[in-house]
Amino acid sequence: MTNHGDIEFGFYPGVAPKTVDHIFKLVRLGCYNTNHFFRVDKGFVAQVADVVGGRSAPLNEEQREEAEKTVVGEFSDVKHVRGILSMGRYSDPNSGSSSFSMLLGDAPHLDGQYAIFGKVTKGDETLRKLEELPTRREGIFVMPMERITILSSYFYDTKMETCEQEKSILKRRLAASAIEVERQVVLPFFCCPPSFGLIL
């Protein structure tokens, strides 16, 4: 859940199992809550900041321990097309941690260079809203002029028969905890194991 709407995505555990496991743990621990999108390059990527430096709320010990881990680069033949989730990293191919991109267009030059671990399943209208926000260029990055906050994140299992009911309950709980969210801003991710979805 962001301050511009929800984004839901599913994981590809068969493509990048270690990356999926790592991101899923970060979501479960609430690490993305109060984080933000530091980059929005229309037609290219919307990138979530590394949680260690991107959150407005401090990390607790358990969150920091997981957030500081890196994952081996799980490169695959899956293509970078709109909606794909791709890990951010430095020059070291095994330096991915918690920053990742949502592709806003096809980017074949990234194929085989970054670990793809999932895809947006709902929320393309939210991504389109983000693409229309004012930006500024800072070096190679195109950055939003306003903070795009991840208000909360949560996950659900798509194999559950009561998945829609569970999502509804989760949304009501999020709405009821507005005061707590003010203290610790969260990005809603809906995440469903093996075939999960994540909502930002």
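Position 1 is the first residue of the sequence, and the numbers go up from there.
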Do Glu74 and Met87 make a side-chain contact, defined as non-hydrogen atoms from C-beta onward lying under 4.5 Å apart? no
Open item on the list: Check the orientation of Phe141 and Phe38. Use parallel for under 30°, tilted for 30 to 60°, and perpendicular for over 60°.
Closed with: perpendicular
> Is it the case that Ser97 and Glu68 place a side-chain donor and acceptor less than 3.5 Å from each other?
Replying inline: no
| said: Do Arg55 and Gln63 have side chains that approach each other closer than 4.5 Å (heavy atoms only, starting at C-beta)? | reply: yes
Looking only at side chains, do Glu132 and His4 share a donor and an acceptor under 3.5 Å apart?
no
Are Tyr32 and Phe100 near enough that their ring centres are under 6.0 Å apart? yes
Side chain proximity check, Phe37 to Met102, heavy atoms < 4.5 angstrom = yes
Q. Under 3.5 Å, is there a donor-acceptor pair linking the side chains of Gln113 and His80?
A. no
Rounded to the nearest 0.5 angstrom, the OG-NZ distance for Ser98 and Lys25 is 14.5 Å
Closest non-hydrogen atoms of Leu130 and Val40, given as atom of the first, atom of the second and distance, are O-CG1, 3.4 Å
Do any N or O atoms from the side chain of Thr149 and from the backbone of Asn3 form a donor-acceptor pair under 3.5 angstrom? no
Requested in this report: Salt-bridge test for Arg128 and Glu125: reply yes if a basic N is under 4.0 Å from a carboxylate O, no otherwise.
Outcome: no
Value for CD (Glu65) from CG (Leu59), rounded to nearest 0.5 Å, stands at 12.0 Å
Taking every heavy atom of Thr19 against every heavy atom of Ala115, the minimum-distance pair comes out as OG1-CB, 4.3 Å
Minimal heavy-atom distance between Lys42 and Leu104, with the atoms involved, is CA-CD1, 4.5 Å
Scanning both residues in full, the closest heavy-atom pair of Gln47 with Ser99 reads NE2-OG, 3.0 Å
- Mark yes or no for whether Ser86, through its side chain, and Ser101, through its backbone, hold a donor-acceptor pair below 3.5 Å. no
- Message: Check this for me: Asp77, atom CG, are more than 12 non-hydrogen atoms of other residues, nucleotides or ligands nearer than 6.0 Å?
- Response: no
- prompt: Do the charged groups of Glu131 and Arg82 touch, with an N to O distance under 4.0 Å?
  reply: yes
Just by distance, do the side chain of His36 and the backbone of Gly54 share a donor-acceptor pair under 3.5 Å? yes
Shortest non-hydrogen pair, Pro144 vs Arg136, comes out as O-NH1, 3.3 Å
Q. Mind checking whether Phe75 and Tyr114 have ring centres under 6.0 Å apart?
A. no
Between Phe155 and Val27 the two heavy atoms that sit nearest each other are CD2-CG1, 4.5 Å
* Ile84 side chain near Tyr12 side chain, heavy-atom distance below 4.5 Å -> yes
Inset, instruction - Evaluate whether atom CD of Glu146 has more than 12 neighbouring non-hydrogen atoms of other residues, nucleotides or ligands under 6.0 angstrom away. - result: yes
Next item on the list: Compute the centroid of each ring, for Phe44 and then for His109, and state whether the two points are separated by less than 6.0 Å.
Entry: yes
